[in-house]
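To start, the structure itself, in structure tokens.
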Amino acid sequence: MSARAYRVLFWFGLLLLVIVALGLVQAILMPFATGFAIAYILAPAASRLERRGVRRGLAGLCLVVLFLLGLASILVILVPLIQGQIVQLITRVPSLVHALQDQLGRLILLLQEHLPAEDVGKLRDLLSAKLAEAVTWLAGLAQGMITSSLAILNILSLVVVTPIVTFFLLRDWEKMVAQVDAYLPRQSLETVRGQARLVSDTLVGYIHGQALVCLILAAYYGIALTLAGLASGIALGLLIGVLAIIPILGVATGFILALGLAASQYGTGSAIMTVCGIFAVGQLAEANFLTPKLMGDRIHLHPVWVIFALFAGGALYGFVGVLVAVPAAAVIGVLARFLLSLYRDSSLYDARQSESESESESESESESDSETVTNFTRVR
């Protein structure tokens, strides 16, 4: 077996080992994953403070304290403003369910007037099956959120462990990067560093762009739904902005809740059409302006792969997997494009590659032979 095959097997085995290990410890991943994400975001600021003469440990401590103070300030400001709307939204959930059931029943009756009974029965069974699957998935996601992030022990770990993990990662970030760099294979050092820079640029672009998209969506839907006269409009907009971290889920959840609120509050078609118009404008703006301008083409993921990544992440690692599914898929995309470029430059893709390589090798050998003969003649 060649040396390249050994290297491929080694890296493949290491990747498989990491995936299995993460699956075994997924129950305790939340504080560590959160701490790593925060440290990754704050690491450039810590490096800038260190270059200005501030000790790395002190810079990390100050950044963690400022981050926690900023988060606490946001919560102190927002919670009193939307607390009443959140309570009102929660109390309206049963009525929303009944309203949606009534709308679905009316739709079935309307279809019965225009379609054969057999087709209506098949449609009813299909809708029931798909709704059951959606409810099961949402219930599993909610259960994962409760069991992994809202249990008392895990709340304590998020509050206590996450800042500690963030501080130590910020303090030792440069050392860890240097240590990892020291173990990289020397023959592939520049290649690995180049791919690592691409991965870092992809993650930074995703994090910054997604944060701006979430803020803009929260502000837009909160203001638009409130101006439309919808109860709990601000709370609903904030919910959409927070859930926008998980693509599709935030807008889908907000749209269903907004339709239910409009149906239960007004019960008119004009109110429902207004809500549909608000979400249509929001989706058009997000798809054609916000995401391309703020996130650019750094992720390079088709929407189908985004959906697949969400389901795969949720199935493998629960709620944490759903959160990291898109950035992980973006990283995998960078590596996959690199491997595909290697494949297209190899003889596996085009046999003429091997012929050209052998010709170049023979030419280099002939040139070296001629240089040897010339040098020998000069010596004589």
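For Tyr40, the OH atom sits in a packed shell: over 12 heavy atoms of surrounding residues, nucleotides or ligands are nearer than 6.0 Å.
Residues Leu169 and Val177 fall within the same hydrophobic cluster, defined by Ile, Leu, Val, Met, Phe, Trp and Tyr side chains chained together at heavy-atom separations under 4.5 Å. Residues Leu215 and Val242 do not share a hydrophobic cluster, defined by chaining ILVMFWY side chains whose heavy atoms lie under 4.5 Å apart. Hydrophobic clustering of Ile, Leu, Val, Met, Phe, Trp and Tyr side chains at less than 4.5 Å, counting indirect connections, unites Leu58 with Phe67. Hydrophobic clustering (side-chain heavy atoms under 4.5 Å, transitive across Ile, Leu, Val, Met, Phe, Trp, Tyr) keeps Leu284 apart from Leu225. Residues Val64 and Val160 share a hydrophobic cluster, clusters being chains of Ile/Leu/Val/Met/Phe/Trp/Tyr side chains in contact below 4.5 Å.
Here the straight-line distance linking atom OG of Ser73 with atom CG of Leu66 works out to 10.0 Å at 0.5 Å rounding. Note that CG of Leu71 and CD1 of Ile38 are 8.0 Å apart. Values are rounded to the nearest 0.5 Å. Here the CG atom belonging to Leu170 is positioned 10.0 Å from the CG atom belonging to Leu61, to the nearest 0.5 angstrom. Distance check, rounded to the nearest 0.5 Å: CD1 of Ile223 to CD1 of Ile278 gives 11.5 Å. Rounding to the nearest 0.5 Å gives a distance of 12.5 Å between CD of Glu50 and CZ of Arg171. The CZ atom of Arg197 sits 9.5 Å away from the CD atom of Gln195 when rounded to the nearest 0.5 Å.
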* To do: Would you please test Tyr221 and Leu239 for side chain to side chain contact (heavy atoms under 4.5 Å, CB included) and show each step?
  => CA-CA 10 Å; Tyr221 284 110; Leu239 177 64; over 6 Å; no
* To do: Might you work through the side chain to side chain contact (heavy atoms under 4.5 Å, CB included) test for Gln179 and Lys175, ending with a clear yes or no?
  => CA-CA 6 Å; Gln179 191 71 24; Lys175 294 180 182 179; over 6 Å; no
* To do: Decide side chain to side chain contact (heavy atoms under 4.5 Å, CB included) for Val65 and Phe167; before the verdict, give the C-alpha distance in whole Å, the side-chain angles of both, and the deciding distance to 0.1 Å.
  => CA-CA 9 Å; Val65 171; Phe167 167 72; over 6 Å; no
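Here the closest non-hydrogen pair linking Ala244 and Gln210 is O-NE2, 3.0 Å. Contact between Ala228 and Thr274 at its shortest, heavy atoms only, is CB-CG2, 4.1 Å. Nearest heavy-atom pair, Ala309 versus Ala329, reported as atom, atom and distance to 0.1 Å: CB-CB, 3.8 Å.
Between Phe36 and Trp173, the angle of the ring planes lies from 30° to 60°, which puts this pair in the tilted group.
Side-chain contact between Leu63 and Leu49: present, with at least one pair of heavy atoms (C-beta onward) separated by less than 4.5 Å. Residues Thr226 and Leu236 have side chains not in contact (no heavy-atom distance under 4.5 Å, counting atoms from C-beta outward). Val281 is listed as a side-chain neighbour of Tyr220, based on a closest heavy-atom distance under 4.5 Å. Contact annotation: the side chain of Arg337 never approaches that of Leu198 to less than 4.5 Å [non-hydrogen atoms, C-beta and beyond].
Without hydrogens or angle criteria, Ser200 side chain to Ala196 main chain gives no donor-acceptor distance under 3.5 Å.
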